[in-house]
J.: 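Structure provided below as structure tokens; questions to follow.
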Amino acid sequence: LFDQLPGTVAAVALEIDVQTALALSRATTRAVTEISPEARRAMMDALGVEAALHQTQGGPVADMVATLLQGHLDQIK
């Protein structure tokens, strides 16, 4: 879909998608961590695993994703 849009429109659409995904992720994390201490630990473990996975993949995008996930994890600790 994005490859069919003019450059500026595609960039804006992609930014909207990214911001929406981040907002949904934060909302889900908040909701799950409020269920119980076990759910909080499970969510934190899952975020840690995802951050480590991206870190091992290497490359600028994977490194950025790992850093953002780790920052998100640090916020909920």
Side-chain angles (χ1 to χ4, degrees):
L1 173 70
F2 293 125
D3 59 346
Q4 299 171 2
L5 298 174
T8 303
V9 174
V12 170
L14 181 59
E15 181 66 21
I16 291 168
D17 275 357
V18 168
Q19 291 300 325
T20 301
L22 288 171
L24 289 168
S25 174
R26 286 189 299 268
T28 301
T29 300
R30 280 193 305 274
V32 169
T33 57
E34 294 296 319
I35 292 171
S36 70
E38 293 81 14
R40 183 180 189 82
R41 281 192 295 279
M43 178 59 87
M44 293 175 70
D45 289 347
L47 286 170
V49 167
E50 284 297 318
L53 176 66
H54 284 279
Q55 190 66 47
T56 60
Q57 288 176 354
V61 173
D63 288 345
M64 182 173 56
V65 170
T67 299
L68 291 169
L69 286 171
Q70 188 60 52
H72 190 60
L73 181 59
D74 291 343
Q75 287 178 354
I76 63 171
K77 284 185 178 179

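None of these values were measured; they are calculated from a predicted model.
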J.: How many angstroms lie between atom OG1 of Thr20 and atom CD of Glu15, to the nearest 0.5 angstrom?
T.: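 Reported value, rounded in 0.5 Å steps: 9.5 Å.
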J.: Under the rule for side-chain hydrogen bond (donor to acceptor under 3.5 Å, both in side chains), what residues qualify as partners of Glu34, not counting sequence neighbours?
T.: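 Checked Glu34 against side-chain hydrogen bond (donor to acceptor under 3.5 Å, both in side chains); zero matches.
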J.: Indicate the atoms forming the closest heavy-atom contact of Ala51 with Ala66, along with that distance.
T.: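 Heavy-atom minimum between the residues: O-CB, 3.4 Å.
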J.: Test of understanding: clusters of I, L, V, M, F, W, Y form through side-chain heavy atoms closer than 4.5 Å, transitively. Do Ile76 and Val65 belong to the same one?
T.: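 As far as the 4.5 Å side-chain criterion goes, Val65 and Ile76 are connected within one cluster.
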J.: Could you pull out the closest heavy-atom pair between Val32 and Ala39, with the gap in Å?
T.: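 Taking Val32 first and Ala39 second, the nearest heavy atoms are O-CB, 3.3 Å.
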J.: What's the shortest heavy-atom distance between Met43 and Thr28, and which atoms?
T.: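 Heavy-atom minimum between the residues: CE-O, 4.1 Å.
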J.: Answer yes if Val49 and Met44 sit in the same cluster of Ile, Leu, Val, Met, Phe, Trp and Tyr residues linked by side chain heavy atoms under 4.5 Å apart, and no otherwise.
T.: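 Val49 does not cluster with Met44.
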J.: In Å and rounded to the nearest 0.5 Å, what is the CE to CG distance from Met64 to Leu69?
T.: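 Spacing of CE (Met64) from CG (Leu69) equals 11.0 Å.
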J.: About how many Å separate CG of Leu47 and CD of Gln75, when rounded to the nearest 0.5 Å?
T.: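 Nearest 0.5 Å value for the CD-CG distance: 11.0 Å.
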J.: Would you mind writing out the side-chain donor-acceptor pairs for residues 55-63 within the sub-3.5 Å range, not counting sequence neighbours?
T.:
residue: Thr56; atom: OG1; partner: Ala52; partner atom: O; Å: 3.4
residue: Thr56; atom: OG1; partner: Leu53; partner atom: O; Å: 2.8

J.: Nearest 0.5 Å please: distance from the OG1 atom of Thr67 over to the CG atom of Asp74.
T.: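 So the gap between those two atoms works out to 10.5 Å.
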J.: Just verifying a value: how many Å separate Thr29 OG1 and His72 NE2, rounded to the nearest 0.5 Å?
T.: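 Answer for the OG1-NE2 pair, Thr29 versus His72, is 3.0 Å.
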J.: Quick check for you: to the nearest 0.5 Å, what is the distance between Ile35 atom CD1 and Arg30 atom CZ?
T.: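 Those atoms lie 13.5 Å apart.
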J.: So, the side chain of Ser25 versus the backbone of Ala21: is there a donor-acceptor pair under 3.5 Å, distance only?
T.: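 No; zero donor-acceptor contacts below 3.5 Å.
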